[in-house]
Each structure stands twice: as structure tokens, then as C-alpha cells.
> 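Quick one: structure below, then a few questions.
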Number of protein chains: 2
Amino acid sequence: MTKPNARAKPSHRVPKSEAGYHHGELQEALIAASEAILAEQGAEGFTLREAARRAGVSPAAPSHHFGNAQGLLTEVAIRGYEALAGALRDAASRRQGAREKLHAQGMAYVEFALKHPGRFQMMFANKRLVADDARLVQASRAAGHEFEIIIAELVGGTAKEAKTAAAAAWSTVHGFAKLALEGKFGPVRSEAGHREIMTTLNRVLNYLWPASSAPPSADRGLKAP
Amino acid sequence: MTKPNARAKPSHRVPKSEAGYHHGELQEALIAASEAILAEQGAEGFTLREAARRAGVSPAAPSHHFGNAQGLLTEVAIRGYEALAGALRDAASRRQGAREKLHAQGMAYVEFALKHPGRFQMMFANKRLVADDARLVQASRAAGHEFEIIIAELVGGTAKEAKTAAAAAWSTVHGFAKLALEGKFGPVRSEAGHREIMTTLNRVLNYLWPASSAPPSADRGLKAP
DNA sequence: ATGTATATCTTGACACTGTTCAGATTGCGG
DNA sequence: CCGCAATCTGAACAGTGTCAAGATATACAT
């Protein structure tokens with residue numbers, strides 16, 4: 001009636017047809033906007049309204065595609081797990097030998113966390129996701145599976161032993177990434193800090209998974225009893 | 001004028017003098033209320049207004065004591081770190097031998113996280129705290145120091161080596177705790193799930209820090225090259 | 001004891017947030 | 001070309017954290 005075509009004000013850009021009541025690719029636009037927010041503001045800075053704003057759409061629009069904020073973030077987390085799995089697979093494929101592959105995967109895991117802190121934190125913020133979503137669970141397991149593949153190569157013995165070793169490897173790199181992101185290992189935002197953290201991780205991995213040819217107890221400097 | 005003494009409605013209880021405009025122990029009451037919320041609802045469920053409500057006080061009252069919500073949560077986190085440091089110290093004191101002490105500390109760390117998930121998560125949610133608060137940083141370092149003490153006993157060699165080993169130990173147990181809380185190792189709320197997680201952790205610790213007398217590479221089942 | 005200063009708490013407001021619902025608009029299959 | 005389902009808007013609601021002004025209680029000096 002009074003204002004037939006007054007779009008709020010495209011804060012960044014409305015991606016497709018200019019004169020649209022219908023967006024056309026709103027799902028993708030919302031996911032991209034959410035990832036942008038996570039990259040700029042971190043996990044705590046995400047807001048459904050801000051995502052809608054960046055997609056050039058009303059605050060109620062996302063609900064028709066994702067139900068609620070958790071649904072949208074679940075989709076973002078799924079893609080995050082897929083990207084993480086890809087990074088792990090890629091890192092392993094570039095090395096030879098199980099220990100070198102595992103080592104590279106650990107570095108890639110933390111590298112991913114440091115490069116995409118917001119996405120990474122959100123991927124493990126179950127209360128903000130639809131934690132029992134089948135695709136999310138599947139994507140998370142697929143990422144963990146990348147570790148288990150290499151561990152199975154490295155470790156002989158029963159499946160239970162392999163599972164224990166995989167849990168150990170995942171826990172270590174995950175904990176290191178989390179602690180690094182919270183600044184427990186020094187500043188993380190500067191390039192210098194980033195490098196120092198990665199060399200610290202390198203030392204940690206060499207300590208926990210030493211070269212199998214050398215006697216590990218000597219490598220670790222354990223006191224002789 | 002119209003309502004001289006209309007207290008909102010003490011949702012749980014107002015701890016001290018009944019007819020008070022002045023609370024008397026508001027700081028402690030707010031901290032206790034916050035810890036209760038974290039215990040019941042988890043870190044995401046915390047709300048400054050709810051904490052004020054439980055303390056029987058207006059939403060603006062906390063600002064006079066803690067500045068803002070971050071200030072209150074910082075105080076809660078400090079006490080959390082102190083409790084964690086105490087648990088670690090206690091666990092180590094009950095064992096003999098560096099490896100046994102470290103093992104017990106790792107178990108105590110995860111036990112603490114599983115028993116107080118909300119507090120634990122909040123302690124590592126830097127964006128919700130005053131991350132550079134001197135007392136917070138000090139409390140966090142003191143907790144980490146409990147690990148370093150035992151690691152120094154276990155590991156000979158330079159200080160850098162000890163620091164690497166401490167980072168490795170902390171990362172492993174922290175990552176395990178975080179992943180466990182996000183359900184990656186199975187259900188955590190049931191008593192059975194809790195026990196199963198702790199036995200998994202036990203295996204992980206035995207895998208990464210095997211008994212020093214036995215050859216570690218054999219303990220881990222590494223394939224012979 | 002008395003008055004004044006300071007600490008403490010309330011009231012009311014503001015700008016946000018996520019979500020819901022009725023209605024407007026669009027595109028698509030018949 | 002028409003009806004229907006999908007899509008999006010507008011307005012509203014209950015909550016949130018925070019702030020400024022004012023009311024009240026305690027403490028302290030005289």
C-alpha cells in the first residue's frame with residue numbers, strides 16, 4: 001500500500017535479482033552470511049537477525065528454511081565437519097608412513113581450528129545445534145573416522161585398542177586447539193603467535209607419538225628408575 | 001508511596017534479613033546463584049537476570065558489585081579454577097610415583113569436568129569473562145601449575161621439555177573432557193555412561209603414559225617396521 | 001545523638017534478541 | 001489462466017544486558 005518496494009537497506013549485498021520479493025537462493029545466502037559472521041565475530045557474535053540482515057531478508061525468513069537458529073547453525077556445522085574431514089584427508093594423503101600421516105593430521109586439525117575459530121567453536125557447541133540431527137552426527141563421525149583410518153594403520157591389535165588410540169589422538173589435538181583458542185598457549189591472533197603455537201604443537205606430537213624406530217622412553221626423557 | 005515493601009517474590013530464598021532493602025551478602029549470594037544456574041542449566045543457560053532473581057534482587061543490582069555479567073562470571077570462573085587446582089593437588093597427593101600422580105590428576109581433571117559441566121565450560125569461555133583479569137589469569141595458571149609440578153617429577157631434562165610435556169598432558173585431558181561433554185564418547189548424564197567414559201579415559205592415559213618400566217612401543221602395539 | 005556522605009538497591013527505560021502468526025507476494029502445476 | 005503451495009514480510013511478544021536517576025540504608029565524623 002504505502003511502500004510497495006522498500007527493502008530495508010542491503011547492508012552488504014543482496015546476491016541475486018534486485019527487484020525480488022523472492023530471494024531464490026536464501027538457504028545458501030544465509031549459510032554464507034552465518035559463516036561470515038562466525039569468521040568476523042566468533043561463535044558468541046552470531047545472531048540470527050544479523051544473518052537475515054546480511055542476506056537482505058526479514059528476521060522471520062530463515063524459519064521457513066531452517067526452522068530456527070539451531071537449524072541454520074546445524075547446517076553450518078555440518079559443512080564445517082565436511083571441511084575438517086577434507087583437511088584431515090588431504091593432510092594424510094600428502095605424507096607417507098602412518099606416523100607421518102597422523103602427525104600431519106594433528107597439525108591440520110589445529111590449523112583448521114586456528115584459521116576458522118568461530119566455525120570450529122560452533123561445531124562443538126552442541127547446545128546451539130540440533131545435536132541429534134542425523135546428518136550432523138554422520139558428518140562428525142566421518143571427520144573422526146579420518147583419524148581412525150590412520151590410527152588403524154599405526155596401531156596393530158584389537159579394534160578396542162585402535163579405538164583407544166584414536167580417542168587419545170583426537171583428545172590431544174582437540175584439547176590443544178581449544179586451549180590455544182582460549183589463549184592458554186599465548187596470543188593466537190598475530191602471525192608470530194600462530195607460528196609459535198604450531199611449533200609447540202609439533203613438539204607435543206613428537207613427544208606423544210615419537211618416531212617408532214627410536215626408544216620412546218629415551219625420547220621422552222623419562223627418568224630412569 | 002503506593003507499595004512501600006513489595007519484594008518481587010523470593011523464587012528460592014532471600015538468605016538473610018527478611019525486611020531488607022539492603023541485602024548484606026549480595027556478592028556471595030549472586031555467585032552462589034550463578035553456580036546453581038550453571039549446575040542446573042549449563043553454561044548456555046546462565047542469565048544475569050535469573051541470577052539476580054534467585055538472589056532476590058533487581059536486575060541492576062549486580063552491576064554495583066561486578067560491573068557487568070562478565071565480571072560476575074569471572075568471579076565464578078576464578079573459584080572454579082581454585083576448586084580445580086584443589087582437586088588436582090588432592091588427587092596427586094593420594095598417590096606415590098610421578099606416573100601414578102599424573103594418571104590420578106588426569107582422571108581428576110575429567111571427573112571435575114563431568115561433575116560440574118556448566119562451571120567447567122564457563123571457565124574456558126573467554127568471551128563471556130574478563131579474559132585479562134589479573135586474578136583470573138593467576139587462578140588459571142595456578143591450576144596449570146599443578147600439572148607442571150608432577151610433569152617435572154616425571155620428566156627429566158630442560159624446562160622446555162617439561163613445558164612441552166605439560167602442554168601435552170593438559171591438552172589430552174582437556175580435549176577428552178570437552179569431547180566427552182559434547183557426547184562424542186557416548187552419553188554422559190547417566191551413571192553408566194559416566195563410568196564408561198572414565199574407563200575409556202583410563203585406557204587413553206595408559207596408552208599415552210604407559211608404565212615406564214615396560215617398553216612403551218610394545219605396550220602401544222606399534223607395528224614393527 | 002545527629003546529620004551528612006557513601007554504599008547499596010530499585011525503577012524505568014532502551015536497544016537488542018529469537019520466535020510466532022496472520023497476511024501479502026511469488027512461482028508453479030493444472 | 002487459475003488456484004495452490006512455497007516464500008517472505010510486518011507486527012508483536014517475552015526475554016535479555018545495561019544504563020541513568022532516584023530512593024534507601026549504613027557508616028562515619030562531629
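Chain A is the first sequence line, chain B the second, and so forth, proteins listed ahead of strands; every chain is numbered from 1.
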> Could you tell me how far apart A:L30 (CG) and D:dC8 (C1') are, to the nearest whole angstrom?
12 Å
> Which residue is it: B:R135, B:Q27, B:Q70? I am looking for the one with a side-chain hydrogen bond (donor to acceptor under 3.5 Å, both in side chains) to B:E75.
B:R135
> Does the distance from a Lys or Arg side-chain N to an Asp or Glu carboxylate O, for A:E191 and A:R195, drop under 4.0 Å?
yes
> Rounded to the Å, how far apart are A:E44 CD and D:dT16 P?
17 Å
> Report the nucleotide, chosen from C:dT8, C:dC21, C:dT17, that has the shortest atom-to-atom distance to any side-chain atom of A:A60.
C:dC21
> How long is the line joining CD of A:E28 and P of D:dT7, in whole Å?
14 Å
> If you measure from the Lys or Arg side-chain nitrogens to the Asp or Glu carboxylate oxygens, is any gap between A:R203 and B:E161 under 4.0 Å?
no
> Hey, which of these two, A:R49 or A:H65, hits DNA chain D nearer its 5' end, going by closest nucleotide?
A:H65
> A:L48 CG to C:dC16 P: how many Å, rounded?
16 Å
> Below 6.0 angstrom between ring centroids: does that apply to B:Y109 and B:F176?
no
> Using atom CG of B:L26 as one end and atom P of C:dC9 as the other, report the distance to the nearest whole Å.
5 Å
> Out of C:dC9, C:dT19, D:dC8, which has the shortest distance to the side chain of A:P59?
C:dT19
> Nearest whole Å is fine: how far is D:dG22 C1' from B:H64 NE2?
11 Å
> Of all the choices, C:dG18, C:dC9, D:dT9, which nucleotide is nearest to the side chain of A:V57 once you look at every atom?
D:dT9
> Is A:S58 touching bases, backbone alone, or none of the nucleic acid, heavy atoms closer than 4.0 Å?
base
> Starting at CZ of B:F66 and ending at P of D:dG17, how long is that distance when rounded to a whole Å?
15 Å
> Tell me: CG of A:L73 to C1' of C:dT17, nearest whole Å?
14 Å
> For the side chain of A:T47, starting at C-beta, report the closest nucleotide among D:dT16, C:dT17, D:dT9.
C:dT17
> Answer yes when B:E50 and B:R53 have at least one side-chain N-carboxylate O distance shorter than 4.0 Å, and no when they do not.
yes
> Give B:A61 one of three labels, base, sugar-phosphate or nothing, depending on what nucleic acid heavy atoms sit under 4.0 Å from its own.
base
